[in-house]
**Q** 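I'd like to ask you about the structure that follows.
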2 protein chains.
Amino acid sequence: MKLLTRNTDYAVRALSYIAMEKGKTVTAAELSEELKISWSFLRKILQILSREGLVFSIKGKGGGFKLAQPADRIFLLDLINIFQGLVRLNTCITNNKACPNIRICILKKKIDIIEDSIISELHPITLKTLLNEQNDVIQNELLNMQTR
Amino acid sequence: MKLLTRNTDYAVRALSYIAMEKGKTVTAAELSEELKISWSFLRKILQILSREGLVFSIKGKGGGFKLAQPADRIFLLDLINIFQGLVRLNTCITNNKACPNIRICILKKKIDIIEDSIISELHPITLKTLLNEQNDVIQNELLNMQTR
DNA sequence: ATTAATGATACTATAATAGTATCATACTAA
DNA sequence: TTAGTATGATACTATTATAGTATCATTAAT
Ligand code: FES
Ligand code: FES
């Protein structure tokens, strides 16, 4: 049971990298090189991100990818939805039609609660969140070195 | 992304049924019949439950299964662990060795928090919980009918 | 002995994830 | 206008996880 599959994970890495390049276009080759991710696989991911409107793509020489939206509008949940579908923990087998066991339904209700809590924890996470917290970590590192 | 796979789900159903029969042995055939679950598949599940010490099995004519532990000692989390492995949302790709992207690690920390919250929500759920809440639901139904 | 039950184990099927390859298209620059 | 470099669309393959089946051995009751 994974929360993120590999393509979502790679998408986050790629988008983070692109975001760092503030407007400069980044090619799939560069990303693949820097992030050590298979070029073909990454290309597929980027094509999806482009189709879904998260990045803007430029073809041909000098082309590549840019963020199509500001980092605080790129939500982790959107990436999850794109690459993994909706967060639905509860695959009801009988779809409420003649559930053979009311106890199971009670359990499913509990699972729905868990699902809601996952979603509300994921909801506020954007690309910007991740980039900012990184800066915080680095700031702290520097501070520690100074006071030592 | 499912929280419970089919075998865990079936295990819950089977254990619930067995629990209702207060000490009487229940055969795989009866369970399969009543719960509308494939006999072969259910048998495999029961064999695992038996091997793991959750049910006590009696071979031969008149045999079958009984709970090997009181219902309040059969934890949903144990079933999940048995049939699906540990609840680990966070499959780190590089295992903290030269993580190529500190932002990802920040994300992973958030995922760990989510994982903890799932576990703490699952932790108190036992077979007894499910059986009791079922009774509560039925009690309420009866009450509603009376006051109507 | 026969029948009815589970134990152990190996096998098959399906679906989800992960990854690769190919050709078409667009843009740039010489 | 052509060579080179980039993405777009799409189809294909590989691997893993889940789901499900089948077979034979063993045990117990009658
Ligand atoms: S209706 Fe789906 S489990 Fe009860
Ligand atoms: S160490 Fe695993 S993602 Fe950073």
Side-chain angles (χ1 to χ4, degrees), chain A residues 1-11 13-14 18 24-33 35-66 68 79-89 91 93, chain B residues 1-11 13-14 18 24-33 35-66 68 79-89 91 93:
Chain A
M1 186 196 173
K2 287 178 271 193
L3 186 60
L4 303 186
T5 58
R6 242 175 162 119
N7 37 19
T8 309
D9 189 303
Y10 287 165
R13 298 185 192 220
I18 295 170
K24 199 196 118 200
T25 66
V26 183
T27 69
E30 179 179 351
L31 284 165
S32 154
E33 175 83 6
L35 305 175
K36 319 272 186 242
I37 298 174
S38 137
W39 181 75
S40 326
F41 195 30
L42 191 57
R43 242 164 64 72
K44 190 160 88 171
I45 290 164
L46 289 165
Q47 287 185 10
I48 293 168
L49 289 174
S50 164
R51 204 183 304 137
E52 298 287 336
L54 294 177
V55 298
F56 183 70
S57 80
I58 299 132
K59 276 173 153 189
K61 205 165 190 171
F65 301 89
K66 295 192 238 188
L79 295 174
I80 293 177
N81 290 337
I82 289 168
F83 291 103
Q84 311 175 201
L86 294 175
V87 175
R88 306 248 72 232
L89 298 189
T91 27
I93 294 169
Chain B
M1 186 197 174
K2 288 177 270 191
L3 186 61
L4 304 186
T5 56
R6 237 166 167 127
N7 38 20
T8 310
D9 189 303
Y10 288 165
R13 298 184 192 223
I18 295 169
K24 199 196 118 201
T25 66
V26 183
T27 68
E30 179 179 350
L31 284 164
S32 155
E33 175 83 8
L35 305 174
K36 318 274 186 240
I37 298 173
S38 138
W39 180 76
S40 325
F41 195 31
L42 191 56
R43 240 165 67 71
K44 189 160 87 172
I45 290 164
L46 288 165
Q47 286 186 10
I48 292 167
L49 289 174
S50 164
R51 205 183 304 138
E52 298 287 337
L54 295 177
V55 298
F56 183 69
S57 81
I58 299 132
K59 273 176 156 186
K61 208 166 190 171
F65 300 89
K66 296 193 237 188
L79 296 174
I80 293 177
N81 289 338
I82 289 168
F83 292 103
Q84 312 176 200
L86 294 176
V87 175
R88 305 249 73 232
L89 298 188
T91 27
I93 294 170

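In what follows, chains carry the letters A, B, and so on, assigned in the order in which the sequence lines appear, proteins first and then strands, with residues in each chain numbered from 1. Keep in mind that this is a model prediction, so the values were computed, not measured.
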**Q** Which dot-bracket notation, 5' to 3', represents the base pairing of DNA chain D when pairs are defined as Watson-Crick or G-U with both distances under 3.5 Å, crossing pairs as [ ], and inter-strand pairs as |?
**A** ||||||||||||||||||||||||||||||
**Q** For B:T27 versus B:E30, what's the shortest heavy-atom pair and its separation?
**A**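 Where B:T27 meets B:E30 most closely, the heavy atoms are OG1-N, 3.0 Å.
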**Q** Taking only residues two or more places apart in sequence, or in another chain, which ones meet A:S40 in a side-chain contact (heavy atoms from CB on, under 4.5 Å)?
**A**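 So A:S40 forms a side-chain contact (heavy atoms from CB on, under 4.5 Å) with A:S38.
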**Q** How is A:A29 classified with respect to the nucleic acid when contacts are heavy atoms under 4.0 Å: base, sugar-phosphate, or nothing?
**A** nothing
**Q** Write down the distance between CZ (B:R6) and P (C:dA16), rounded to a whole number of angstrom.
**A** 11 Å
**Q** Name all pairs fulfilling the side chain to side chain donor-acceptor pair (under 3.5 Å) condition that reach into residues 80-89 of chain A, sequence neighbours left out, sorted by first residue then second.
**A** A:T5-A:Q84, A:T8-A:Q84, A:R88-A:E115
**Q** Quick check on DNA chain D: between A:M1 and A:V26, whose nearest nucleotide comes earlier from the 5' end?
**A** A:V26
**Q** For the backbone of B:F65 and the side chain of B:T25, can you confirm whether one donor and one acceptor N or O come within less than 3.5 Å of each other?
**A**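 No, because the side chain of B:T25 does not come within donor-acceptor range (under 3.5 Å) of the backbone of B:F65.
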**Q** Examine C:dA18: is either OP1 or OP2 under 4.0 Å from a nitrogen or oxygen in the side chain of A:K2? Give yes or no.
**A**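 Answer yes for this pair, as a side-chain N or O of A:K2 is under 4.0 Å from OP1 or OP2.
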**Q** Take the protein atom CZ of A:F83 and the nucleotide atom P of C:dT17, then report the distance between them rounded to whole Å.
**A** 13 Å
**Q** Sequence neighbours left out, what passes side-chain contact (heavy atoms from CB on, under 4.5 Å) with A:I82? Give chain and number order.
**A**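 Scan of A:I82 (side-chain contact (heavy atoms from CB on, under 4.5 Å), adjacent residues dropped) gives A:I48, A:E52, A:L54.
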**Q** Measuring from atom CG of A:N7 to atom NZ of A:K44, what distance do you get when rounded to the nearest 0.5 angstrom?
**A**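 The NZ atom of A:K44 is 8.0 Å from CG of A:N7, to the nearest 0.5 Å.
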**Q** Starting at the 5' end of nucleotides 21-30 of chain D, put B wherever the base has a protein heavy atom under 4.0 Å, S where only the sugar-phosphate does, and a dash everywhere else.
**A** B-B--BBBS-
**Q** Of all of residues 45-57 of chain B, which get a heavy atom below 4.0 angstrom from DNA chain C, listed by number?
**A** B:Q47, B:S50, B:R51, B:S57
**Q** For B:M1 and A:K2: C-alpha separation, side-chain torsions, deciding distance, then whether side chain to side chain contact (heavy atoms under 4.5 Å, CB included) applies.
**A** CA-CA 7 Å; B:M1 186 197 174; A:K2 287 178 271 193; over 6 Å; no
**Q** For A:A28 and A:L46, work out which heavy atoms get closest and say how close.
**A** CB-CD1, 3.8 Å
**Q** At what distance, to the nearest 0.5 angstrom, does NZ of B:K36 lie from CG of B:L31?
**A** 12.5 Å
**Q** Output, in order, the C-alpha distance, side-chain angles, deciding distance and verdict of side chain to side chain contact (heavy atoms under 4.5 Å, CB included) for B:L49 and B:L79.
**A** CA-CA 9 Å; B:L49 289 174; B:L79 296 174; 3.7 Å; yes
**Q** Using whole Å, what does the distance between atom P of nucleotide C:dT6 and atom NZ of B:K66 come to?
**A** 13 Å
**Q** Could you state the interatomic distance from CZ (B:R43) to CD1 (B:I37), rounded to the nearest 0.5 Å?
**A**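 Between B:R43 CZ and B:I37 CD1, I get 14.5 Å after rounding to 0.5 Å.
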